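Below: one structure, written as structure tokens.
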2 protein chains.
Amino acid sequence: MPRAATTSDAFNAVAEPRRREILNFLALQERPVGDIVDSLNLEQPSVSKHLRVLRQTGLVNVRRDGRRMLYRTNAEAIRPLYEWTSTFERFWRHQLSRIKKRAEAKEDDGPESDPIYKGE
Amino acid sequence: MPRAATTSDAFNAVAEPRRREILNFLALQERPVGDIVDSLNLEQPSVSKHLRVLRQTGLVNVRRDGRRMLYRTNAEAIRPLYEWTSTFERFWRHQLSRIKKRAEAKEDDGPESDPIYKGE
DNA sequence: ATAATACATTCCCATATAGGAATACGTCAA
DNA sequence: TTGACGTATTCCTATATGGGAATGTATTAT
């Protein structure tokens with residue numbers, strides 16, 4: 001089974017950085033596609049394709065205005081993400097003190113070099 | 001360009017539902033791989049592969065205990081996700097009142113049927 | 001040593017991109 | 001009507017899966 005479709009849910013949809021930028025941009029007020037193209041320096045077809053994914057996952061709303069399409073972020077659809085991540089809030093508060101001790105001693109960079117096995 | 005690697009960042013890593021379940025399971029206390037296999041009803045190789053992605057993105061920490069590997073969620077790595085979603089919190093609070101009016105009237109289901117063009 | 005246990009990795013494959021280029025569609029202006 | 005404008009879609013392609021099956025590796029037990 002391949003990776004789930006980007007349209008399967010908000011989690012998959014926002015995994016793409018450009019789509020997050022678009023959502024940021026459209027949060028304050030509705031905007032036509034052309035504004036997104038100009039502001040984010042993306043090709044128009046690319047923006048339209050991202051918007052399609054965002055539409056299908058309910059992350060944006062659209063409205064026609066003459067020949068323009070006005071998009072706007074639907075914050076409500078981001079809520080599930082917020083709520084899932086919130087459940088971990090208490091953990092990072094707890095871990096901070098413990099982790100810092102080791103971090104200051106080891107001064108490691110990056111998450112993991114992935115050396116589980118010693119063998120080559 | 002294909003989709004970004006699941007290991008490119010936390011956003012991509014948690015897009016997979018099973019990985020979120022694993023993170024939930026490992027949040028309270030460290031657990032050996034076998035426990036995850038049993039609890040989530042997944043194949044062992046599958047779990048190991050998901051854990052690899054989670055390790056590479058820093059979402060879990062590992063520690064060897066004899067022949068077992070003890071994994072635990074590193075909540076700190078989930079923080080960027082929490083913070084990004086938090087920036088939308090004020091928007092859904094605002095939108096709630098406005099949206100509800102329409103929702104109660106239209107009683108629409110699903111996000112979008114995607115009928116932008118009328119032509120066939 | 002040898003076997004058993006607990007994990008990790010590799011191989012194979014169907015599927016879903018994301019970007020680039022080209023093109024189709026819907027609406028308004030002249 | 002015809003043309004221009006603003007968007008959306010299609011076609012093409014390289015790439016990254018995620019699951020299943022088989023196998024490799026590290027560690028402890030006998």
Side-chain angles (χ1 to χ4, degrees), chain A residues 1-9 11-22 26 30-57 60 62-71 112-120, chain B residues 1-9 11-22 26 30-57 60 62-71 112-120:
Chain A
M1 195 179 280
R3 216 197 298 199
T6 55
T7 51
S8 54
D9 57 44
F11 284 93
N12 279 284
V14 306
E16 164 63 47
R18 275 59 176 278
R19 282 196 286 266
R20 288 200 299 278
E21 289 180 25
I22 291 175
L26 299 175
E30 57 182 7
R31 305 270 201 178
V33 179
D35 279 16
I36 305 175
V37 172
D38 295 341
S39 296
L40 306 187
N41 265 305
L42 297 173
E43 299 295 321
Q44 177 268 312
S46 186
V47 170
S48 280
K49 279 183 274 189
H50 283 311
L51 287 171
R52 179 168 152 101
V53 172
L54 294 174
R55 249 188 286 134
Q56 296 179 324
T57 47
V60 296
V62 214
R63 168 168 93 77
R64 186 181 276 286
D65 170 44
R67 37 187 155 179
R68 299 185 310 166
M69 296 297 269
L70 299 179
Y71 282 86
E112 164 105 353
S113 325
D114 214 31
I116 294 292
Y117 284 153
K118 302 167 195 167
E120 53 164 357
Chain B
M1 194 179 283
R3 217 200 292 202
T6 54
T7 52
S8 53
D9 58 41
F11 284 94
N12 279 283
V14 307
E16 164 63 46
R18 275 59 176 278
R19 283 198 284 267
R20 288 200 298 278
E21 289 180 24
I22 290 175
L26 299 175
E30 56 181 8
R31 303 271 201 178
V33 178
D35 280 16
I36 305 174
V37 172
D38 294 341
S39 296
L40 306 187
N41 264 305
L42 298 173
E43 298 295 322
Q44 177 267 313
S46 186
V47 170
S48 280
K49 279 183 274 189
H50 283 311
L51 287 171
R52 179 166 150 99
V53 172
L54 295 174
R55 250 188 286 135
Q56 296 179 324
T57 47
V60 295
V62 214
R63 167 170 93 79
R64 185 181 277 287
D65 171 43
R67 39 187 154 177
R68 299 184 311 166
M69 297 297 270
L70 299 179
Y71 282 86
E112 163 104 355
S113 325
D114 213 31
I116 295 292
Y117 284 153
K118 301 170 198 167
E120 54 164 357

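Order of the sequence lines sets the chain letters (A, B, ...), proteins ahead of strands, with each chain counted from 1. In what follows, every heavy atom counts, from backbone to side chain, and hydrogens, waters and symmetry copies are set aside. As the structure is a computational prediction, the values presented were derived from the model and not from experiment.
Distance from the side chain of B/Arg52 is smallest for C/dT9 among the nucleotides C/dT9, D/dT28, C/dT27.
Minimum heavy-atom separation, A/Phe11 to B/Val14: CD2-O, 4.0 Å. A pairwise comparison of heavy atoms in A/Pro32 and A/Leu70 identifies N-CD2, 3.6 Å as the closest pair. Taking every heavy atom of both residues into account, B/Ala5 and B/Asn12 meet most closely at O-CB, 3.5 Å. Closest approach of B/Val33 to B/Leu51, counting heavy atoms only: CG2-CD1, 3.8 Å.
Annotation: proximity of residues 35-46 of chain A to DNA chain C (heavy atom, distance under 4.0 Å) is found for A/Glu43, A/Pro45, A/Ser46, numbered in ascending order.
Put simply, the side chain of B/Arg52 never gets that close to the backbone of B/Leu54: no donor and acceptor are under 3.5 Å apart.
Put simply, NE2 on A/His50 is 14 Å from C1' on D/dA8, counting in whole angstrom units. A/Ile22 places its CD1 atom 11 Å from the P atom of D/dA8, with the value rounded to the nearest Å. Residue A/Arg63 contributes atom CZ, which lies 14 Å from atom P of D/dA8 at whole-angstrom precision. Rounded to whole Å, the distance from CG on B/Asn12 to P on D/dG18 is 10 Å. Put simply, CG on A/Leu54 is 11 Å from P on C/dA18, counting in whole angstrom units. Following rounding to the nearest Å, B/Arg64 (CZ) and C/dA6 (P) show an atom-to-atom distance of 13 Å. Taking atom CG of residue B/Leu70 and atom C1' of nucleotide D/dA26, one finds them 15 Å apart after rounding to whole Å. Between A/Leu51 atom CG and D/dT9 atom P the separation is 10 Å, expressed in whole Å.
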Notebook entry, point to check: Where along nucleotides 11-17 of chain C does protein come under 4.0 Å, by heavy atom, of base (B) or sugar-phosphate alone (S), with - for untouched nucleotides?
Noted result: ----BSB
Mind listing the side-chain donor-acceptor pairs of residues 34-50 of chain B below 3.5 Å, one per line with the distance, residues two or more places apart or on another chain?
unit_1	atom_1	unit_2	atom_2	d
B/Ser39	OG	B/Asp35	O	3.0
B/Gln44	NE2	B/Ser48	OG	3.1
B/His50	ND1	B/Arg19	NH1	3.2

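Side-chain contact between B/Glu16 and B/Thr6 is absent, with no heavy-atom pair separated by less than 4.5 Å.
Phosphate contact (OP1/OP2 of C/dG26, side-chain N/O of A/Arg68, threshold under 4.0 Å): absent. Distances shorter than 4.0 Å separate some side-chain N or O of A/Tyr71 from OP1 or OP2 on D/dA8. A close approach under 4.0 Å does not occur between any side-chain nitrogen or oxygen of B/Arg18 and OP1 or OP2 of D/dG18.
The line from CZ of B/Arg31 to CZ of B/Arg68 is 11.0 Å long, rounded to the nearest 0.5 Å.
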